[in-house]
There are 2 protein chains.
Amino acid sequence: MRSYAEYCSVAKALDLVGDRWSLLIVRELLILGSRRFGELQDGLPGIATNLLTERLRHLEEAGVVGRDEAGRYALTPWGELLAEPIYALARWGAPLMVTKGDDESFRSHWLAAPIAFIFGGQDPGRPALIAEIRAGGEPITLKSADGMVTFQPGPAAAPDLVISGPPDAIIGLLAGRLGETAAAELGVSVLGDLAPLARLRQADWLTGPESYTPR
Amino acid sequence: MRSYAEYCSVAKALDLVGDRWSLLIVRELLILGSRRFGELQDGLPGIATNLLTERLRHLEEAGVVGRDEAGRYALTPWGELLAEPIYALARWGAPLMVTKGDDESFRSHWLAAPIAFIFGGQDPGRPALIAEIRAGGEPITLKSADGMVTFQPGPAAAPDLVISGPPDAIIGLLAGRLGETAAAELGVSVLGDLAPLARLRQADWLTGPESYTPR
DNA sequence: CTGCATCCGGGCCGATACTG
DNA sequence: CAGTATCGGCCCGGATGCAG
């Protein structure tokens with residue numbers, strides 16, 4: 001992208017990561033760690049290979065992305081700092097997540113951001129729990145331990161709870177916006193007890209004031 | 001911009017504000033409040049008028065921007081929430097601000113972000129102070145009162161301190177990266193006592209670890 | 001003067017084919 | 001698997017025109 005040529009930090013940041021796809025490439029590396037070209041491509045449905053190549057080269061030049069011994073792409077320490085702007089954008093876009101359009105693609109690891117907001121922070125009183133979430137594609141694991149809730153891609157070894165269903169309904173259930181019966185009507189099936197999960201929840205993500213809802 | 005069509009909060013946010021210029025339009029409205037078309041144009045050097053029109057329409061449709069009684073553009077409550085992602089981006093891009101290129105345009109109100117980081121937070125022990133900063137174009141005012149430092153566009157009525165000079169040197173001085181003599185060599189002139197200003201400073205913006213410096 | 005609409009050249013994007 | 005090459009089309013940039 002052509003530079004804005006402004007002596008402004010926002011403009012300079014956008015000069016580096018403002019191109020189409022760039023921030024989504026960073027999102028992939030942020031959530032999943034180092035990735036190969038083909039893995040990135042899978043997490044960016046519809047991206048053209050030449051664009052992925054060009055963006056990666058550009059991000060490498062800028063010092064945002066590097067390559068490990070195995071030739072896989074990974075964020076540099078400076079690139080990791082993009083977590084803040086990206087998660088801030090994700091939180092801002094949260095009201096747009098109430099329903100999933102049929103034409104929209106989905107990868108289960110994209111649930112990392114919602115999970116980070118809903119179960120964020122530390123709380124010593126929070127019960128330990130391992131939940132496996134199956135929202136399509138590869139399952140993901142949500143683990144509560146030592147008062148912290150963490151996200152992991154991949155299935156859980158010994159889950160206390162397994163939740164399966166469409167992603168929008170699962171987000172509604174996790175966020176507390178939908179009850180178990182309401183979620184069940186939307187196709188969510190639960191194996192195990194949901195009550196401990198409700199005690200993990202911190203934020204009212206997606207349940208903010210009406211006035212913030214777009215349109 | 002064409003939609004990413006992903007069920008992901010980041011992608012959906014970028015569907016709305018990921019176009020070229022969009023976030024900079026929001027930056028203008030965030031810093032300066034409601035603005036007219038021509039005022040926006042002045043704060044976005046190089047934007048084509050048709051693009052400004054198109055972006056404003058798009059942001060209006062999305063519920064990010066509205067118009068007041070006088071027909072001026074202003075952020076909606078939801079649009080105001082973009083402050084977080086935009087300021088996060090600004091902070092991330094901070095290491096790129098050490099020097100100003102000659103080809104880069106500058107508007108003094110863009111100093112709002114640096115000032116917010118350098119003098120952020122509340123601190124009851126902070127002295128009261130009014131400083132006028134002349135970095136080119138319209139002066140801006142930095143006011144410390146009740147432990148908070150605030151930014152205002154426009155000159156100060158009764159400043160305790162007036163700082164004039166090129167923007168990059170002024171940022172270096174404000175951030176504490178440059179001493180008064182070093183800043184003077186770069187063309188900064190100071191009227192009044194700088195010592196109280198140094199006591200306002202909170203963050204080590206732009207003085208972070210070397211490893212974060214790109215390239 | 002402000003706020004836009006139109007037009008056009010060029011560059012960026014998207015899709016597919018192709019190669020080591 | 002990891003890109004490179006190519007090409008049509010859309011978006012961007014800059015200039016111009018115009019109505020209130």
Side-chain angles (χ1 to χ4, degrees), chain A residues 1-6 10-11 14-29 32-62 65-74 103-105 107 138, chain B residues 1-6 10-11 14-29 32-62 64-75 103-105:
Chain A
M1 187 190 284
R2 177 174 179 157
S3 168
Y4 288 110
E6 293 185 1
V10 182
L14 292 175
D15 279 345
L16 298 188
V17 298
D19 302 86
R20 186 164 168 79
W21 295 109
S22 289
L23 280 177
L24 296 187
I25 292 171
V26 177
R27 172 199 67 188
E28 290 297 303
L29 295 173
L32 295 172
S34 66
R35 296 273 100 182
R36 298 162 175 275
F37 188 91
E39 293 173 321
L40 285 173
Q41 200 178 0
D42 179 66
L44 301 164
I47 194 175
T49 56
N50 59 345
L51 282 190
L52 180 52
T53 301
E54 200 200 52
R55 292 299 181 270
L56 286 168
R57 294 286 163 278
H58 193 57
L59 292 170
E60 259 181 286
E61 274 180 53
V65 162
R67 311 190 65 158
D68 63 14
E69 327 66 60
R72 308 196 305 186
Y73 296 93
D103 58 331
E104 289 173 359
S105 55
R107 300 291 181 271
E138 183 80 349
Chain B
M1 186 190 282
R2 179 176 174 148
S3 168
Y4 288 111
E6 293 185 1
V10 181
L14 292 175
D15 279 344
L16 297 188
V17 298
D19 301 87
R20 186 164 169 79
W21 294 110
S22 289
L23 279 177
L24 296 187
I25 292 171
V26 177
R27 171 199 68 189
E28 290 297 303
L29 296 173
L32 296 172
S34 66
R35 296 274 99 183
R36 309 216 270 177
F37 187 92
E39 294 172 320
L40 285 172
Q41 200 178 0
D42 179 66
L44 302 163
I47 194 174
T49 58
N50 57 346
L51 282 188
L52 180 51
T53 300
E54 199 200 53
R55 292 298 181 271
L56 287 169
R57 294 287 161 275
H58 193 59
L59 291 171
E60 260 182 285
E61 274 180 53
V64 175
V65 163
R67 309 188 69 158
D68 63 13
E69 326 67 59
R72 310 197 305 186
Y73 298 93
L75 294 174
D103 57 333
E104 290 172 358
S105 54

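First and last contacting nucleotides of DNA chain D toward chain A (any atom under 4.0 angstrom from a heavy atom, 5' to 3' order): dA2(D) to dG14(D).
Judged by a 6.0 Å distance limit and a 45° cone about the ring axis, Arg72(B) is not positioned over the six-membered ring of Phe37(B).
Residues Gln41(A) and Ile47(A) share a closest heavy-atom pair of CG-CG2, 4.2 Å. When every heavy atom of Gly43(A) is checked against every heavy atom of Glu6(B), the shortest pair comes out as O-OE2, 4.3 Å. Taking both residues in full, the closest heavy atoms of Ser3(A) and Arg20(B) are given as O-NH2, 3.8 Å, listed atom of the first, atom of the second, then distance. Minimum interatomic distance between Asp15(A) and Arg2(A) (heavy atoms only, all atoms of both residues): OD1-O, 4.2 Å.
Listed for the Ser105(B) side chain is a donor-acceptor partner under 3.5 Å among the backbone atoms of Ala5(A).
Straight-line distance from the CG atom of Leu51(A) to the C1' atom of dA15(C): 10 Å, rounded to whole Å. Straight-line distance from the CG atom of Leu52(A) to the P atom of dA15(C): 14 Å, rounded to whole Å. Distance, Trp21(A) CH2 to dC12(C) P: 18 Å, rounded to whole Å. Between the P atom of dC13(C) and the CZ atom of Arg2(A) lies a distance of 14 Å, rounded to the nearest Å.
Between Tyr73(B) and Arg35(B), the side chains place no donor N or O within less than 3.5 Å of an acceptor N or O (distance only, hydrogens not considered).
Between Glu60(A) and Arg57(A) there is a salt bridge, since at least one side-chain N of the basic residue sits less than 4.0 Å from a carboxylate O of the acidic one.
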Polar-atom pairs under 3.5 Å, protein N or O versus N or O of nucleotides 3-5 of chain C: list them with distances, or write none.
{"residue": "dG3(C)", "atom": "OP2", "partner": "Phe37(B)", "partner atom": "N", "Å": "3.0"}
{"residue": "dG3(C)", "atom": "OP2", "partner": "Gly38(B)", "partner atom": "N", "Å": "2.7"}
{"residue": "dC4(C)", "atom": "OP1", "partner": "Arg57(B)", "partner atom": "NH2", "Å": "2.6"}
{"residue": "dC4(C)", "atom": "OP2", "partner": "Tyr73(B)", "partner atom": "OH", "Å": "2.2"}
{"residue": "dA5(C)", "atom": "N6", "partner": "Thr49(B)", "partner atom": "OG1", "Å": "2.9"}

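Taking side-chain N and O atoms only, Arg35(B) has no distance below 4.0 Å to OP1 or OP2 of dT2(C).
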